[in-house]
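Lettering follows sequence order; numbering is per chain, from 1. The analysis underlying the following values was restricted to heavy atoms, covering all of them including side chains, and did not include hydrogens, waters or symmetry mates.
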Amino acid sequence: MRRALSLVRRRLLGAIPVLALVIVGTFTLLEFAPGDAVDAYLGATGGDRGLVDQLRRDWGLDQGPLQRLGLYVAALARLDLGWSVAFSKPVLTVILERLPNTLLLMGAAIALAFGLGSLLGVVAGSRPGSATDRALSIGSLALYAIPGFWLGLVLIIVFAVQLRWLPSGGIETIASGLGGLARAGDIARHLVLPVSALGLLYLALYLRMMRTSMAEVWRQDFARAALARGVPRRRVLWRHVARNALLPLVTMLGLQAATMLGGSVVIESVFAVPGLGRLAHEAVAQRDTPLLLGIILVGALVVILVNLAVDVAYAALDPRVGSGKETAA
Amino acid sequence: MSGLSRFRGSADGIAGAAVLALLAIVAIAAPVLSPGDPLNIVGAPLTRPFEAWATPLGTDRLGRDVLAMIVHGARTSLTVGLAAALVAIAVGSAVGTLAGLMGGWIDEALMRVTEAFQTVPGFLLALAFVSTVGPSLAAIVVAIALGAWTGPARLVRAEVLSIRERDFVASARVIGMHPLAIAWREVLPHALPPVVALASVIVAGAILTEAALSFLGLGDPNRATWGGLIAEGRSVLRSAPFLSIWPGLALVVTVLGVHLTGEGVVAALALRRSQA
Amino acid sequence: MARFDVFAARGMSRRTVLGAGGLAAASALLPAGALAQQSPRSGGRLIVAADSEPRNLNPAIVASNGVFFVSSKVVEPLAEADFGTPDGLAPRLALSWTGSADGRSATFTLRPNVTWHDGKPFTSADVAFSAMEVWKKLQNLGRVVFADLESVDTPDPLTAVFRFAKPTPFQLIRNALPALTAVLPKHLYEGTDINANKANAAPVGTGPFRWGESRPGEYTRLVRNPSYWSAGQPYLDEIVYRVLPDRAAASGALEAGEIQLAAFSMVPLADLARIAKVPGLDVITRGYEALTYQLVVEVNHRKPELADVRVRRAISHAIDRDFVARTIFVGFAATSSGPVPRNDPQFYDAAAQVPAFDPARANALLDEAGFKRGANGMRFKLRLLPAPFFNETRQFGAYLRQALAAVGIEADLVNNDSAAHTKAVYTDRAFDLAVGSPVYRGDPAISTTILVQGGLPPGVPFSNQGGYQSATMDALIAKAATTIDEAQRTALYREFQQLVVTDLPLINVAEWGFTSVASNKLRNVTSNPRWAVSNWADVWLAP
């Protein structure tokens, strides 16, 4: 427990310079973007010179970039993420409205990919070279090659439009007035397609990793020894091989958190899920610097926290970690 | 040599390499296979596949030849995929080698930067970058590389750290070789093989990212791209699904080819390593 | 990608089309059922697709279609566009309007017994406050049209008299009523920072629907106003705007029965032929007659090659407008003959015709101008920036690139998102040709003359970004702006059209309205020429 706590503390402290770099980097990138929030706004409405100047003043865009970065960081120190000009609301409010949807989508996709992926990986890896293994291997490779947005389109056509089994988009039935379990069920129905589109690619990834990882473990001495000792194959498979083969997958889980958050940008726009990914897309389109900075900051925090959770889980799974040598980075 | 024979022994690798070779030929010979600007309007709009000789895979909303666009799209996809992977691996290897060899605060600083890039979702970064710089082939390559260099960087650094203490590096140091020369001649060649194995993943990722960017309307408008074709076809997905299906299939086949080749390479390298 | 926000928002206007045929494919697809008269039935929830969520829903500040689409149900203007009346207007908050002969005043008689959604009475004080403090000072379009408004007198609670510092044509004021005169409750806005008022996000008005709630990224809900001034109306219990940012999603949601209406061509044009055959769904083109958008090639006159009128004529000759209307717009557009759309009965001049499709003539003109073809067959190179606002603007960009190549002009396409496009074209002027989609707002003075008027500052969207300078043009525009007599004024704008097609400060290509796809249970979906952005008090759902 103590070890876990010190790991958490160390990681969070280490995250501070990383986040600082992220803020400065994103801010600089957006500084170079042609057009600011006022240009984006006027692209939609039109207006005269007086309006242009007034908006720039109102939105604080008449100051220099360094001044604005300074103000932003000063506000951040007070845990104030700033004001979103695109939504006329505090950035934190806008983000918190969307964050749960993305976490739900990502969480479910990770659960699907990791759970089903590693399970199928065990099936494939239990007898390397068997027909099942070949089939799963080729199937997963094909799945791994399908772009998520394209899969999403196909799923919509088949399951929402043709078969009408599932809704074509959104996060829940709008203004349904449902509550409790009924609402949860409704949200779950809406999530089936986007979660599949986002998760299947990673499912293939975990399946393949598990399979490879198992193949390696099979070759290791302790597995061979166990078999030689006459321990039933099934028992060796689950107790020794699968458990040990799972470790690299756990590491991968952390590494994939950021990728999945990126992937949700496209999936959220295909399925009209009001999440963080789509919000980021809107923030870029509207040149809403404080909002995009806030999203990237929150996204980075999510990634850092997921990695932390992964490390803690790893430590729990593998007693060797954290005691003596800690691998850097 | 044993590596190559191992690759030859891998059916996956052979199949993948064959697919890639075919695609490369198509990409290189595109101007011969379908001369002229592939974005030219050549026929009636929304001709179905196999209906007209001149446009065997049909035409899009404006009457542009789908086959010509797919053939030229192979050029864009492969160019972007390879270029982005090259840039990412080059930058990543340089950063990784530097960090691994130098150690100390340089290592610390480089790894913090790497971590910063890793915590920001790569696709988000690419999206913001292309919106900022404007969609062009070079911008897309850089945008994809921005999110992909961290993998090779960490891998190379880890390899360098493990190689650094080995005998041949130590002896090079003893005879007074310049650290950069050591890195170039002794360390990098040993650290690179695992990166080569990672290359297929990076290339595949780059091709998919380019497609996703084009799908969101951030592709180079002067070139035919598969992602752009899918997006174009999306609005008529139900009345003319072939418009999105052809380029989608092309994407799947290409990425599959890259992955299969990667498998073969991994198999070959695994053998070499186990023999080393 | 906020397409709706972008186009929608370009504002609008009233226009009178009295069975004028309208745009190309108009009534062809209109189902008989939609017009059938039945007695309206109360109740029901209407779910419509929305492809963006405007940040500011105050129609008095942001006069744009994206805002009106939602807020026109809550906040009403003085008058609405109408198919049947002589001046093309139907009363809303005003019952009648008259202009003085000298153009210095306009008098409005207001509707009695109207209350705001919070129960307070609506009076002329609200109109005076909205005009002086909001339309004139803050509104994107009102800042132009009401620039000379000096004061609004309120002799009694139901009379408002607008007084102008300079003669202002009443024809222009009338044409501006539907889009520019949304009335705000003075008691909620007075003494506050109007731009930051909370009612901008949750509007309060006199309309048939009250603000319900908004879940960003999901939906906006409006609920029935039981004390609406028109007894018995509205018929619907509520309207829900479901956010579907992706256009392909709208047809899926319609077919799955999740929504009952996709307005503003949210279903892609190329998909309409198919969806028209889906049982239970109708494709409707009426109801947009006063919302005409124009496809225009914007020319940067600072580029030496383009400063030569022969080159601009050659470009016009290079464009096959029939192809554009037939293929890019799938027939849901008309070719343009000049800067005023064909379906405008007040100002359109059929004698003004842009140089028509004739590549041979284009080549000859370019040769004559001294731009010979080089070794690669090209004469010179241009940057071409299609606006990202519509699919069609981008597709036309792709077509134009090829059309120009055919006459030896090499065009390099540059695709930007909305912010970058606005900045590149209107502030930096970093373009040679651009493809734009200005809105014709029923009167050239509202937003058309500004496209070619000289001496305007940079950075202002949808004003003369090409840097065209012509003393003749400027004099003509200035004269028309102060001409009170309607016949004279109309004649001046005909002259204006002649000048535009001769000198080609910009090149008009096509003009289009929108289409709606609606459930056949939805009734009264085309009841006025601005239907999608009108109040929907008479809309009802059949069982």
Which atoms of A:Val18 come close to chain B, meaning under 4.5 Å heavy atom to heavy atom: side chain ones, backbone ones, both, or neither? both
Can you see whether B:Glu210 engages B:Ser214 through a side-chain donor-acceptor pair at a distance of less than 3.5 angstrom? yes
Using non-hydrogen atoms only, which part of B:Ser244 is less than 4.5 Å away from chain A: side chain, backbone, both, or neither? both
Which of the residues A:Val22, A:Ile138, A:Ile146, A:Val302 is involved in the greatest number of heavy-atom pairs with chain B at under 4.5 angstrom? A:Val22
B:Gly248, B:Ala212, B:Gly122: which one forms the most heavy-atom pairs within less than 4.5 Å of chain A? B:Ala212
Identify which part of A:Pro17 has an atom lying under 4.5 Å from any heavy atom of chain B, answering side chain, backbone, both or neither. side chain
Which atoms of B:Phe129 are under 4.5 Å from chain A, going by heavy atoms: the side chain, the backbone, both sets, or neither? both
For B:Ala204, which atoms come within 4.5 Å of any heavy atom of chain A: side chain, backbone, both, or neither? neither
Chain A contact via B:Val201 - which portion, at a heavy-atom distance below 4.5 Å: side chain
To the nearest 0.5 angstrom, please state how far the CG atom of A:Leu201 sits from the CE atom of A:Met260. 8.5 Å
Proximal component of B:Leu161, with respect to chain A [non-hydrogen, under 4.5 Å]: neither
Please state whether the side chain, the backbone, both or neither of A:Val298 comes within less than 4.5 Å of a heavy atom of chain B. neither
Electrostatic pair A:Glu268-A:Arg98, nearest N-O below 4.0 angstrom: no
